[in-house]
**Q** 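Have a look at this one.
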Amino acid sequence: MMDSGVVAALTNGIKDHFSLHQNGAGAEVSHKQPFVIGVAGGTASGKTTVCNMIIAQLHDQRVILVNQDSFYHSLSDEQIGKVNEYNFDHPDAFNTELLLSCMEKLKHGQAVSIPNYDFKSHKSTELSRQVNPSDVIILEGILVLQDPRVRNLMNMKIFVDTDSDVRLARRIQRDTVERGRNIQNVLDQYAKFVKPSFEEFILPSKKYADIIIPRGGENDVAIDLIVQHIHTKLGQHDLCKIYPNVFVIFSTFQIRGMHTIIRDLKTTKHDFVFYADRLIRLVVEHGLGHLPFSEKQIITPTGSVYSGVVFCRRLCGVSIIRSGESMENALRACCKGIKIGKILIHGEGNNGRQLIYEKLPADIASRHVLLLDPVLASGNSAVQAISLLLSKGVAESNIIFLNLIAAPEGIHAVCKKFPLLKIVTSEIDLSLNKDLRVIPGMGEFGDRYFGTDNSDEIQTPRFT
């Protein structure tokens with residue numbers, strides 16, 4: 001059995017950061033941040049077992065486990081003399097500032113030194129553990145969901161929920177065997193500190209969990225679903241984690257091969273058009289898959305019933321002239337008789353762009369719109385085109401913006417202003433250069449596709 005929070009965690013986009021920084025040559029490079037998982041729960045609830053099961057199934061990823069227990073404050077000699085009066089389950093027992101510092105460094109690709117805490121001497125030893133950055137960081141501990149600063153570092157929050165009697169039995173076995181304590185001391189500590197602290201600090205943090213796992217490591221179904229979700233997120237571009245309305249078609253060697261050809265400076269116009277058309281067709285078909293549909297049963301020629309679907313038919317395309325016109329044939333090949341409008345926007349740089357021409361279907365407000373432009377660079381033209389569609393009555397959620405490649409800057413510009421539309425692209429590139437050209441990019445798409453020279457002149461609208 002899994003808590004209903006699993007549904008939210010598996011369907012909602014989990015936030016992550018996408019950062020750009022300067023390398024030694026001055027070019028912008030991207031830093032892929034790790035996927036951080038927090039695993040909380042009462043003492044001896046099975047948190048470590050859950051973590052180990054997740055790690056075992058993520059064998060093809062670099063994973064590190066950070067234990068909150070490593071960040072216990074070392075006790076003074078006076079405190080050790082009264083150790084039975086010390087509450088190890090209170091937030092103040094942990095050096096949270098050091099924990100935050102280590103986690104921040106790991107998230108930003110820096111190696112850290114994790115303390116090594118000795119539960120028999122109640123002190124951090126000099127033999128700290130060196131930890132390198134990884135694809136996945138699992139932070140485990142009784143109170144990792146209690147402090148909002150620690151919670152905010154996480155992409156997924158898990159609470160392991162185990163019966164209190166089971167936890168007490170496990171604690172007795174662990175503390176007597178591993179930590180050299182007697183049963184009476186364990187029971188006294190449990191009654192005086194562990195149980196009250198659980199009810200005051202740990203249990204209330206359960207409400208912050210995305211996923212609640214009853215029975216801990218015995219819940220194989222929960223572990224499998226969590227690992228599947230992690231694999232999905234690791235396979236996504238970082239921007240897809242920030243914006244759940246951004247979709248990158250699944251990359252295959254065929255797609256990478258076609259990108260290699262159309263990005264190659266030496267590729268002829270004939271080959272450029274051929275392989276660009278193939279990629280455009282894939283993007284268009286993927287975009288059509290995001291249209292609303294209804295179920296429909298039909299009778300096949302064999303007299304059998306087939307349960308299928310019918311997609312929304314009130315659809316039109318709008319190309320941003322002139323590069324967007326290269327995508328029209330693929331759209332017509334997929335949607336027989338589809339209406340296509342045109343928008344021409346001209347201008348250079350971040351400012352000065354203006355609408356030169358528009359011709360749109362009269363009933364566009366009642367249609368779903370596939371907006372066509374093979375390259376999303378700064379996003380300035382896209383924002384103006386989308387704003388025009390909205391002014392014509394098109395619902396923001398009814399716009400699907402189709403590109404071959406997109407720059408992070410353009411995605412940020414569009415998604416922050418229009419969070420309800422969808423962007424479908426075949427690859428997200430690294431960045432923009434100082435001339436606002438996509439890097440690594442494919443050059444001036446319109447010139448390469450239509451065989452024209454690079455020119456600043458306004459292009460005359462083409463009607464097909």
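Counting from 1, the numbers follow the sequence of the chain as shown.
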**Q** Is the closest side-chain donor-acceptor distance between Ser197 and Asn87 under 3.5 Å?
**A**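 Yes, a side-chain donor-acceptor pair sits under 3.5 Å.
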**Q** Identify, with sequence neighbours excluded, every residue that meets salt bridge (charged side-chain N to carboxylate O under 4.0 Å, His left out) alongside Arg171.
**A** Asp175
**Q** Using the ring of Tyr190 (Phe, Tyr or Trp, six-membered ring only), decide whether Arg167 places NZ or CZ under 6.0 Å from its centre and within 45 degrees of its axis.
**A** no
**Q** Could you check whether any side-chain N or O of Asp429 sits under 3.5 Å from a backbone N or O of Ala407, counting only pairs where one atom can act as donor and the other as acceptor?
**A** no
**Q** Is the closest side-chain donor-acceptor distance between Ser113 and Gln130 under 3.5 Å?
**A** yes
**Q** Are a donor atom and an acceptor atom from the side chains of Gln189 and Asp89 found within less than 3.5 Å of each other?
**A**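 No, Asp89 and Gln189 have no side-chain donor paired with an acceptor closer than 3.5 Å.
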**Q** For Ser74 and His122, test the side chains for any donor-to-acceptor distance below 3.5 angstrom and give the result as yes or no.
**A**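 Result is no, nothing qualifies.
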**Q** Just wondering, do Phe250 and Thr252 contact through their side chains at under 4.5 Å, heavy atoms?
**A** yes
**Q** Could you check whether Glu396 pairs with Lys417 (Lys NZ or Arg NE/NH1/NH2 to Asp/Glu carboxylate O, under 4.0 Å)?
**A**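 So Glu396 does not pair with Lys417 through a salt bridge.
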**Q** Between the side chains of Arg151 and Gln146, does any donor sit under 3.5 Å from an acceptor?
**A**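 No, because no side-chain N or O of Arg151 sits under 3.5 Å from a partner of the opposite role on Gln146.
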**Q** Is it true that Arg149 and Glu104 make a salt bridge, defined as a side-chain N closer than 4.0 Å to a carboxylate O?
**A** no
**Q** Please tabulate, one pair per line, all N/O donor-acceptor pairs under 3.5 Å involving side-chain atoms of residues 137-145, not counting sequence neighbours.
**A**
| unit_1 | atom_1 | unit_2 | atom_2 | d |
| --- | --- | --- | --- | --- |
| Glu140 | OE1 | Asn67 | ND2 | 2.5 |

**Q** Taking His286 for its side chain and Ile249 for its backbone only, find out whether a donor-acceptor pair lies under 3.5 Å.
**A**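 Answer holds: no.
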**Q** When you measure from the side chain of Asp210 to the backbone N and O of Lys157, does any donor-acceptor pair fall under 3.5 Å?
**A**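 Judged by distance alone, yes, a pair lies under 3.5 Å.
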**Q** Is there a donor-acceptor pair under 3.5 Å between the side chain of Asn433 and the backbone N or O of Asp435?
**A** yes
**Q** Heavy-atom distance under 4.5 Å between the side chains of Ser378 and Leu432, does that happen here?
**A** yes
